[in-house]
Structures are given as C-alpha cells and as structure tokens.
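Please read the structure below before turning to the comments.
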Amino acid sequence: MDVLGSAVQGSQGDQPGRRPGTVDASSDVRTDEPTPAGSPRDLEPEAPTPIPDLDELDTDPGAQGTDPGEVVTDPGGPGDDDPVTDDEITDLGGTAPGAARASTPTPPHRAWPERTHVGERYKLEEPIASGGAAIVWRATDESLARTVAVKLLHPHHATDPTVVERFERESRAAAQLNHPNVVRIYDTGRDGDLVYLVMEHVDGPSLRDVMRREGRIEPTVVAALGEQVAAALGEAHVHGLVHRDVKPANILLASDGTVKVTDFGIAKALTGSDATLTTPGTVVGTAAYVAPEQLEDGEIDARADVYALGVVLHECLTGRPAFSGDTPTATAAMRLTHELLPPRQLVADVPRNLDEVVARATRRDRTDRYEDGATLSAALAHLVPAKPHELSVTLVDDNPPDPEAIPAMPREERPFSGPMPASRREYARRLAAAALAGIVLALVAVFGFEALRSGTQAQDSGLQPEVWPIAEVEVFDPTDPEGGDNADEVRFVSDGDPQTSWSTAPYPDADLGDDREGIGVVFDLGELREVRGLDLNLVRGGLDVELYATSDRPDTALGPEAWGEVRHLQSNTIQSPQFRFNATEERYWLLWVTGLSASSTGEFTAEIAEVTFLGPS
C-alpha cells in the first residue's frame with residue numbers, strides 16, 4: 001500500500017483543489033518500468049490479452065492504496081472516485097490513463113478534512129500523500145510534542161465495513177511489531193466519522209526515490225540495505241505475519257541511514273482467527289515484485305516476502321526491472337514460466353557471494369528459497385563490512401560519496417566473466433576465440449603428455465608422502481575443557497571414512513557468538529612425527545582455520561595462545577583444502593576454527609569429515 005509508504009517519509013501530498021480520493025497522474029504513475037512505444041500512455045488503451053490464471057485480475061485502489069501495479073481481485077472493479085493508472089493490472093475498459101487530472105486548475109483550499117485536529121491531540125499540519133483509500137497528514141502530537149504521520153480513510157471508504165476492517169487489521173498487525181527496521185504504530189481510533197491511524201514519521205526518501213535518482217546501487221550498500229529489510233520481515237514472520245507487498249516504495253530511509261519497512265496493511269495472519277479474513281483467490285501485491293505463488297492462488301507464507309525482497313535487491317544491483325512485459329499483467333505472468341537471471345549475468349561486477357544470495361531468494365520454486373526473513377538477513381550479514389545503517393546512509397545524501405570510499409565486501413571474489421555480448425557479431429567473436437583457445441590447450445596437453453612419457457618415469461608408490469596414523473583425537477574448547485561440542489562424535493574425523501563427520505553445535509553467527517573465540521580439534525600422533533602437510537576433507541567450505549603444533553600438550557583452559565605461533569592458516573577455505581609447509585617435527589596438533597559457515601538451515605557450524613597428516617615421501 002503505497003499510501004502508507006509515502007505517508008511516513010514526508011513525500012508530496014494532495015495538491016490544493018484535488019478531491020479526496022483522487023490521484024494526480026503526474027506523481028503517482030510508476031516510471032521505473034519501461035513503457036514500449038504505442039503504450040497506453042500514448043494511445044487509447046486496449047484490454048490486455050487474457051493470460052491463463054491471470055485474466056481475472058482487477059484493481060481495487062480503494063482497498064489497497066495508490067501504488068500502480070498493486071492488484072487485488074475484485075469483480076466489482078475500481079470505484080468511481082478512484083482513477084486507474086496504466087501500470088495497474090486491470091481491465092482498462094477504454095478509460096484513458098490520467099483521467100483523474102483536472103483539465104483546469106481549481107482554486108486552492110485546505111485539503112480534506114477541513115479541520116485542524118484529530119483525536120483531540122493530533123494537529124494536522126499538511127497533507128503528504130493521498131490515494132484512493134486514504135490521505136496522510138504530517139501532524140504534531142501535542143501531548144508528546146513530536147512529529148507523526150496520521151492516516152485517514154476517505155469518507156467514501158470509511159463507510160465501507162470491508163475497507164474499515166482492512167484498515168483496522170493493518171493497525172493491529174503492525175502494532176505487534178517492535179523492531180528498529182519497522183515503522184512504528186503509535187495509535188489508532190475513530191473521531192466522529194473519521195477513522196485514523198497514527199504512525200512514526202520517517203524523515204528521508206523511499207528506496208523507489210533513491211533508485212530513480214541513482215540507477216544502480218553499490219553492491220555493498222545493497223547488501224546492507226537488504227540485511228535490514230530482511231531483519232524487519234523476519235520480525236513479522238516470527239509473529240505469523242506476511243507483508244505480501246515488499247517493494248521499493250515501502251522501504252524508507254531515515255536521515256541516519258536506518259532502513260524502515262512500512263505498510264503491513266495487507267499482511268495476512270498465518271495463524272489465529274484472523275487467518276480467514278483474506279478471501280482465497282485474492283491477489284495482493286505489486287506486479288513487478290509479486291511472488292509466483294501469489295498469482296497461482298497457492299498458500300502464501302514468509303517465502304513470498306523473501307522472493308519480493310530478492311527482486312528488489314536484483315533491481316538495485318542491475319539498475320533495471322527484474323521482469324519487464326508490455327503490460328503489468330504480462331510482467332507478473334513472466335515469473336510463472338521464467339527463472340530470474342542472476343544479477344551477475346547482467347552486471348559482471350556483482351560479487352559472486354551476493355549474486356548467490358539474490359539468486360536463491362528469487363527461485364521460482366519456493367522450497368529452494370530462504371525459509372524466512374531472518375534466514376535471508378543472516379546470509380546477507382556476512383557480506384556487510386560495517387554497521388548496516390552506516391552504509392545505507394550514503395543513499396540519503398543527494399551527493400553520495402565516491403564508491404571507492406565504501407568498504408569492500410568481505411571475501412569478495414573478482415569476476416571471471418565479462419558482461420553479456422551486446423550483439424551477435426560480438427557473440428561470434430567470443431565463440432571463435434574460445435574455440436581457438438581450446439585447440440591450443442589441446443595441443444599443449446598432447447605435447448606435454450608425450451614429453452612426460454618419453455623424458456621421465458611415472459611416479460611410483462614409493463614417492464607418495466607417508467600418512468601418519470592418529471593415536472587420539474578430542475574436542476578442544478577452552479570454555480568447556482572437559483567436554484566440548486559433540487565430543488562423542490569427534491572420532492569420525494580420523495576414522496578413514498569420509499562419509500562420517502564431526503560437527504560443532506549450531507551458532508547464531510559465524511564468529512561463534514560473544515563468549516567464544518573459536519573451537520578446535522586436538523590430534524595426538526602418538527610420538528614426534530615429521531609433518532609436511534595436512535589434508536582436510538570438509539562437509540562444507542567457508543571456514544576460517546588456524547593450525548598449531550607442540551611437543552607437549554598444554555592445558556585446554558589456556559586456549560590456543562599456549563600452543564605458540566600459528567604454523568598455518570586459511571580463511572574462507574574450500575571444501576577440501578590442503579596445507580603445505582616446511583617439515584615440522586611435533587606430536588600434538590591443534591586445528592583451531594575461528595570462523596564458521598552457514599548451513600542449509602541458516603545456522604552456522606563447522607563440519608569436518610576427515611583429517612590426514614602427511615610426512616616425507
């Protein structure tokens with residue numbers, strides 16, 4: 001519901017002389033999707049070609065607000081006082097877009113309601129947004145001396161029990177949420193024939209404004225923004241609420257960079273008696289961001305919000321709509337048959353780790369997505385090198401800092417591929433170059449093999465490194481010297497079977513929480529052994545590890561510092577890392593894990609299948 005989103009950020013409101021409930025086509029029509037030549041904006045509109053399962057979609061601006069493309073199935077169609085824009089999924093029926101605009105200016109007067117106070121304490125100062133369902137005023141709470149946003153249902157909706165019920169559900173649902181990234185609800189009530197909602201006033205732009213101004217946004221800033229939005233959605237999902245309309249207009253930025261998610265008015269309770277208030281078959285959402293299951297009349301859960309946020313992040317990274325059809329109906333329908341291209345295939349400098357997060361969030365099959373907002377937030381948190389609001393504050397300033405001044409994303413990989421070919425000729429040139437390179441590599445391989453066969457002897461088994469047996473293995477946990485995580489399973493790391501493994505307990509973040517610096521495994525080789533390397537076989541890569549060695553076993557409670565200097569270390573390991581170093585003759589070896597990796601459930605663990613100590617050849 002764009003009304004609420006525009007409301008709390010202090011955007012442009014009703015112009016003097018406009019009837020309550022009308023929309024100025026110059027300000028409310030979306031411009032972030034391309035309009036093909038000969039579109040309804042230029043010609044007399046025609047009804048869109050029916051699409052299976054979508055041809056019944058129509059617009060109910062009175063129920064859901066003013067954002068073009070926001071759709072609700074309503075056989076009754078839009079009300080007489082609610083204009084329909086060409087970006088809405090609707091049967092245009094021959095009514096020209098922009099018909100709501102007055103042909104000649106009308107004399108200025110105070111916008112509805114023509115009164116100065118609501119609820120005896122909220123002084124109405126100026127309208128900041130208006131739509132088919134409601135008008136929003138910037139106001140002063142005279143009891144607490146603070147600026148607030150007051151949302152008022154228009155008279156022609158305040159008498160509609162269904163619309164009033166939705167409005168009251170909005171306030172009840174949003175009032176459950178207490179999170180720094182959610183717009184707060186302060187009060188709700190009725191004053192005579194007025195139905196009102198009082199909420200936090202956010203003194204900054206919406207993400208839609210930022211995207212129109214900036215185009216593409218720096219990947220590190222996108223990750224910071226996404227982490228905050230996902231955290232807000234995660235809070236809603238914990239309370240059994242689904243936002244259902246995540247889009248740039250509903251994502252606001254405060255002056256300090258804190259991201260605020262607004263408009264939980266179309267959130268559907270997943271449990272409880274209110275769960276049946278949203279009629280089956282109703283599609284609530286915005287064409288560009290709606291999840292596939294919302295169009296298929298399927299069960300809607302937290303993963304619909306995950307999808308919508310993924311599409312928003314995709315658009316931020318690429319600077320273009322994720323899906324673009326000739327009509328909003330066609331735009332929405334594309335996601336039923338097309339998997340969204342990963343952003344890295346469109347913009348080569350998107351970091352691989354961020355690309356993978358966005359790609360997973362936007363899977364067409366919801367079982368392949370992150371399960372809720374909290375899980376997605378945790379996946380993005382690892383990509384944010386500073387406090388999230390310190391990065392997103394760069395979007396508030398009209399003159400953002402040089403991209404070089406923005407901290408680099410952790411463990412960012414340099415791209416291995418360039419942008420997509422711009423023409424068939426370019427594609428043919430690349431194909432020819434690849435074929436030529438393949439021929440050269442094949443010739444090099446053939447000649448190299450012949451040289452090795454004629455000039456050297458094949459390596460025999462006597463040149464293979466010695467594999468030292470492990471006499472004993474135990475968990476090393478200075479916070480629990482007598483136990484440690486899953487101590488009864490640690491034997492699996494040296495049993496010779498890569499199908500068995502030892503795992504740490506699950507932790508809330510990669511750094512093992514606040515009370516631990518790491519966790520490890522101690523290996524006793526039985527006697528002094530000359531070790532020249534170590535092979536790890538992990539269930540999942542991405543760990544940060546350090547290797548220590550000593551001839552006398554220190555007390556576990558003393559921690560790894562008692563083991564002396566680090567003999568070897570690796571960050572963000574691959575699944576089967578190999579450590580090679582100068583010959584070291586020691587008996588006890590400590591593999592110390594300081595950074596975990598995210599499992600499929602979103603929790604953080606280290607899972608080690610096998611460890612092998614190598615001696616001289």
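You'll find the side chain of Glu339 stays beyond 4.5 Å of the side chain of Thr362, heavy atoms only. Between Val148 and Met199 there is no side-chain heavy-atom pair separated by less than 4.5 Å. A 4.5 Å side-chain heavy-atom check between Leu341 and Gln345 finds at least one atom pair inside the cut-off. With contacts defined as side-chain heavy-atom distances shorter than 4.5 Å, the pair Arg320/Glu315 does not qualify. Counting only heavy atoms from C-beta outward, the side chains of Tyr122 and Ser143 never approach each other to under 4.5 Å. Between Val357 and Tyr370 the shortest side-chain heavy-atom distance falls below 4.5 Å. Between Val150 and Leu124, some side-chain heavy-atom pair lies under the 4.5 Å cut-off. Using a 4.5 Å heavy-atom threshold, the side chains of Pro385 and Leu391 count as touching.
The OG atom of Ser392 sits 6.0 Å away from the CG atom of Leu225 when rounded to the nearest 0.5 Å. With rounding to the nearest 0.5 Å, the separation of CG in Leu313 from CG in Leu376 is 7.0 Å. A distance of 10.0 Å separates NE2 in His237 from CG in Leu177, rounded to the nearest 0.5 Å. With rounding to the nearest 0.5 Å, the separation of CZ in Arg208 from CG in Leu252 is 10.5 Å. One distance of note links CG of Leu233 with CG of Leu309; it measures 6.0 Å at 0.5 Å rounding. From Trp137, atom CH2 reaches atom CD of Glu126 across 8.5 Å, with rounding to the nearest 0.5 Å.
When each of Lys123, Arg146, Glu125, His201 is tested with Thr140 by the rule side chain to side chain donor-acceptor pair (under 3.5 Å), just one qualifies, namely Glu125. For the side-chain contact (heavy atoms from CB on, under 4.5 Å) with Leu317, the qualifying choice from Leu346, Leu354, Val347 is Leu354, the only one to do so.
Take Asp509 and apply the side chain to side chain contact (heavy atoms under 4.5 Å, CB included) test, not counting sequence neighbours, and it matches Asp511. Residues meeting the ring-ring contact (aromatic ring centres under 6.0 Å, His included) test with Tyr196, sequence neighbours left out: none.
A donor-acceptor distance shorter than 3.5 angstrom exists from the side chain of Arg344 to the backbone of Ala348, with no hydrogens or angles considered. Between the Gln294 side chain and the Ala291 main chain, a donor and an acceptor come within less than 3.5 Å of each other. In this structure, the side chain of His239 does not engage the main chain of Leu241 through any donor-acceptor pair within 3.5 Å. Side chain of Gln228 to main chain of Ala224: a donor-acceptor pair is present (N/O by atom type, distance under 3.5 Å, no hydrogens or angles). Distance alone, capped at 3.5 Å, places no donor-acceptor pair between the Asn181 side chain and the Lys260 backbone. Asp187 contributes no side-chain N or O that, together with a main-chain N or O of Val198, makes up a donor-acceptor pair within less than 3.5 Å.
The two residues Arg213 and Leu395 come nearest to each other via the heavy atoms NH2-O, 2.7 Å. Contact between Pro219 and Asp349 at its shortest, heavy atoms only, is CG-O, 4.4 Å. Contact record, Ala361 with Gly310: CB-CA, 4.1 Å, taken as the closest heavy-atom pair. Asn572 and Gly542 get closest at one heavy-atom pair: OD1-CA, 3.3 Å. Of all non-hydrogen atoms in Ile135 and His154, the two that sit nearest each other are CB-CE1, 3.7 Å. For the residue pair Val393 and Ser255, the shortest heavy atom distance occurs at CG2-O, 3.7 Å.
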Legend entry - Criterion salt bridge (Lys or Arg N to Asp or Glu O under 4.0 Å) on Arg303 and Asp301, from CA distance to verdict: CA-CA 5 Å; Arg303 290 169 291 188; Asp301 60 20; 2.6 Å; yes

Legend entry - Check against side-chain contact (heavy atoms from CB on, under 4.5 Å), Trp112 and Leu152: CA-CA 10 Å; Trp112 176 86; Leu152 302 168; 4.0 Å; yes

Legend entry - Verdict with reasoning, Phe323 to His314, per ring-ring contact (aromatic ring centres under 6.0 Å, His included): CA-CA 10 Å; Phe323 293 102; His314 188 286; 8.1 Å; no

Legend entry - Audit row: Ile217, Leu207, side-chain contact (heavy atoms from CB on, under 4.5 Å) steps and yes/no: CA-CA 11 Å; Ile217 299 175; Leu207 180 58; 4.1 Å; yes

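Between the side chains of Asn250 and Thr262, not a single donor N or O lies within less than 3.5 Å of an accepting N or O.
Taking a cutoff of 4.0 Å between a charged side-chain nitrogen and a carboxylate oxygen, Arg121 and Glu142 do not qualify as a salt bridge.
Environment of CG in Asn178: sparse, with no more than 12 heavy atoms of neighbouring residues, nucleotides or ligands closer than 6.0 Å.
Legend: salt bridge (Lys or Arg N to Asp or Glu O under 4.0 Å) pairs involving residues 368-389, not counting sequence neighbours, sorted by first then second residue: Glu293-Arg369.
For Arg335 and Tyr307, the positive end is not near the middle of the six-membered ring at less than 6.0 Å and at most 45° from its axis.
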